[in-house]
Amino acid sequence: MTAAVAGVVLILVILAVVLAARGCGGRETAGETETESQISGTVSVDGVSITGMSREQAREAILAGYAWDMTVSYGDETYEVENLIADRVDQLLDEIFSTAEPQENYTLDTSGMEELIQGQVEAMAAQWDKPAKNGEISGFDKESNSFTYSPEENGVEIDQDQLAADIRQAIEDKNFSARLTAAANEVEPELTAAEAKDLYQVIGQYSTTTTANRDRNTNIQLASECLEGKIIQPGETFSFNETTGPRSEDKGYKPAGAYVNGELVAEPGGGVCQVSSTLYNAVVFSGLKTTERHAHSYEPSYVTPGEDAAVSYGGPDMKFINNSDTAVALRAKLEGSLSGRMTLTVSVVGIPILEDGVTYSMHSEKVADLDPPEPEYVDDLTLPPHTEKVVEEAEMGSRWTTNLVITKDGEVISDELLHNSTYRGHAAVIHRNQTDEQVLETSEGASESSATASSVEGEITPMETGGIPEDNSGLEASNAQTAESTETPTSAQEPTVPASTESASVQAPGSPATGASDVQTVAPPPDMAVPTAENGPGV
């Protein structure tokens with residue numbers, strides 16, 4: 001009997017432990033539910049009773065009692081202020097439900113909310129503030145050849161201090177459905193149109209000299225006309241390709257010598273790179289920020305290598321951003337006859353960006369010569385058998401560094417790397433006859449060869465970027481410089497293709513003299529007989 005009683009007692013003890021573990025506030029598993037704790041005793045918050053409620057029920061009751069619906073109006077617009085007390089309600093409930101014996105009466109603390117209020121005020125100011133507009137350059141009248149200026153405009157600025165005080169007072173009064181009105185102050189511009197007109201001046205300028213090729217000069221003229229009077233607003237990015245558009249024959253562009261993928265072709269718009277390069281220099285000197293610039297495939301002749309800016313529609317572009325506080329404008333002037341050498345001048349017009357006495361310039365230096373490509377051999381049966389003739393000498397490629405030089409009152413205060421540029425070399429062109437035969441050149445053939453040579457001689461402008469693209473920043477300047485080609489080309493663009501198709505060649509060691517100083521004799525293979533007087537010229 002004693003053992004039976006003991007067993008019953010043990011079972012009852014185990015059952016009591018299990019029931020205790022499943023107390024009213026306990027968390028159950030495997031399908032069991034959780035019973036949320038409730039407030040015992042009488043508790044109210046600012047007169048709202050939460051007695052016997054769970055935490056979520058108490059939160060809903062308090063927020064319903066506060067009924068947040070605050071708005072701020074300005075003109076015809078209304079801003080709904082975010083509920084700034086919800087977090088304070090949560091903090092208060094944390095305190096109530098963590099206390100074994102809560103107080104009977106609580107009040108919501110609304111102090112120390114300045115940061116939350118200021119955030120709302122700034123959001124409204126960003127929506128309603130209107131900055132004053134200075135008088136500034138706004139257009140170009142081609143008939144009068146002068147710029148026009150837009151009038152100044154007053155701005156408005158929300159009184160943030162007063163608005164923050166009004167919101168703070170409404171919250172302290174627990175008037176969470178307050179209807180507030182924002183006040184604004186009028187802001188006068190810093191410059192009138194008349195004052196701006198007096199301040200605008202040429203802040204960057206650069207000039208280059210063209211070749212005497214009429215088609216190339218026509219292309220330069222058309223691209224320059226696209227720049228004339230162009231206005232760039234503060235923060236706006238200028239794109240050369242977008243400004244000029246496609247350089248097509250439909251728009252009047254002429255085919256002129258250009259390099260496309262390294263090949264010499266007659267490309268509509270050949271020569272416009274001289275316009276973009278001239279503009280690039282003016283932009284650097286003015287203090288505007290260049291955001292895209294590419295080197296040409298080959299060294300240019302109209303600017304110092306490293307100071308060019310290659311463009312190709314749909315490809316490399318020349319871009320800059322107006323990092324000043326006012327609009328800037330461009331001028332592009334081409335002087336001279338289209339059939340002769342002309343002077344291209346590009347100017348940036350604006351209110352000076354640099355402080356008085358500060359100027360920017362570029363200094364470029366060649367740091368390496370690069371080997372030219374392998375020679376290009378052309379079979380030419382007009383040459384004596386087993387001879388070669390160099391018709392175009394090889395030209396080395398190069399690598400350049402360009403520094404931005406800043407001076408103040410004539411003293412250099414900064415000389416730092418701006419970008420690197422790499423240019424290809426030109427392969428030698430060698431004609432050769434590797435056979436035992438020689439075809440005598442006819443007068444008609446000679447005439448045809450001469451015409452072909454004259455059609456490609458002169459300067460050729462690459463249309464493809466072959467250098468190292470650089471992202472330029474921090475460029476500021478206000479000075480004018482002029483660069484002229486030191487060569488005297490006869491047509492088209494850079495780089496220069498030799499006008500002569502002949503050049504002295506070195507005779508191969510051990511070869512018999514041929515009687516022509518520009519022809520190199522090459523020894524034939526052992527199984528091939530050298531033509532003699534006995535066996536004829538091999539024709």
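FYI, side chains are in, hydrogens and waters are out, and symmetry mates aren't considered; it's all heavy atoms of this structure. Note that the structure is predicted; figures quoted are calculated from it, not measured. Residues: numbered from 1 along the sequence shown.
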Fill in the blank from the handout: Glu190 meets the side chain to side chain contact (heavy atoms under 4.5 Å, CB included) criterion, sequence neighbours left out, with Asn134
Exercise for the section: Examine the side chains of Asn433 and Asp380 and answer whether a donor and an acceptor come within less than 3.5 Å of each other. Expected result: no
Exercise for the section: Go through the structure and list residues passing side chain to side chain contact (heavy atoms under 4.5 Å, CB included) with Lys254, not counting sequence neighbours. Expected result: Asp215, Thr218, Asn219
Problem - Between Asp308 and His294: side-chain donor-acceptor atoms closer than 3.5 Å - result: no
Exercise for the section: For Arg214 and Ser337, indicate whether the former's side chain and the latter's backbone hold a donor-acceptor pair under 3.5 Å. Expected result: no
Handout entry: Qualifying residues under salt bridge (Lys or Arg N to Asp or Glu O under 4.0 Å), relative to Asp369, sequence neighbours excluded
Key = Lys366
Problem - Glu292 side chain vs Asp317 backbone, donor-acceptor pair below 3.5 Å - result: yes
Practice task
Using modelled atom types only, decide if a donor and an acceptor are shared between the side chain of Gln120 and the backbone of Glu82 within a distance under 3.5 Å.
Solution key: yes
Problem - Residues forming a salt bridge (Lys or Arg N to Asp or Glu O under 4.0 Å) with Lys251, sequence neighbours excluded - result: none
Practice task
Report the distance from atom CD of Glu136 to atom CG of Leu199, rounding to the nearest 0.5 Å.
Solution key: 12.5 Å
Exercise for the section: Search all heavy atoms of Ile231 against all heavy atoms of Gln233 and return the closest pair with its distance. Expected result: CG2-NE2, 3.6 Å
Handout entry: Contacts of Lys197 that satisfy side chain to side chain contact (heavy atoms under 4.5 Å, CB included) - sequence neighbours left out
Key = Tyr149
Handout entry: Ser144: side chain to side chain contact (heavy atoms under 4.5 Å, CB included) partners, not counting sequence neighbours
Key = Asp141, Ser146
Handout entry: Under 3.5 Å donor-acceptor, Asn420 side chain and Thr402 backbone
Key = no
Exercise for the section: Might you point out which heavy atoms bring Leu344 and Val275 nearest each other, and give the distance in Å? Expected result: CD2-CA, 3.8 Å
Practice task
Grab the two heavy atoms, one from Gln274 and one from Thr209, that are nearest each other, plus how far apart they are.
Solution key: NE2-O, 3.1 Å
Handout entry: Check: Cys273 main-chain N/O paired with Ser276 side-chain donor or acceptor under 3.5 Å
Key = yes
Practice task
Scan for ring pair (Phe, Tyr, Trp, His ring centres under 6.0 Å) pairs involving residues 221-251, sequence neighbours excluded, and state none if there are none.
Solution key: Phe238-Phe320
Completion exercise
Between Pro375 and Ala427, the two heavy atoms sitting closest are CA-CB, 4.4 Å
Handout entry: Contact list for residues 401-411, test salt bridge (charged side-chain N to carboxylate O under 4.0 Å, His left out), sequence neighbours left out
Key = Glu355-Lys408
Fill in the blank from the handout: Shortest non-hydrogen pair, Pro385 vs Asp436, comes out as CG-O, 3.6 Å
Exercise for the section: Enumerate the residue pairs fulfilling salt bridge (charged side-chain N to carboxylate O under 4.0 Å, His left out) with a member in residues 275-284, sequence neighbours excluded, ordered by first and then second residue. Expected result: none
Completion exercise
Taken in chain and number order and not counting sequence neighbours, the residues that satisfy salt bridge (Lys or Arg N to Asp or Glu O under 4.0 Å) with Glu228 are Arg331
Practice task
Kindly state whether the ring of His296 and the ring of Tyr423 have centres lying under 6.0 angstrom apart.
Solution key: no
Practice task
Kindly write out the residues that satisfy salt bridge (Lys or Arg N to Asp or Glu O under 4.0 Å) with Glu188, not counting sequence neighbours, or none if the list is empty.
Solution key: none
Handout entry: Asn323 side-chain N/O to Gly287 backbone N/O, donor-acceptor pair under 3.5 Å
Key = yes
Completion exercise
Taken in chain and number order and not counting sequence neighbours, the residues that satisfy ring pair (Phe, Tyr, Trp, His ring centres under 6.0 Å) with Phe147 are Phe140
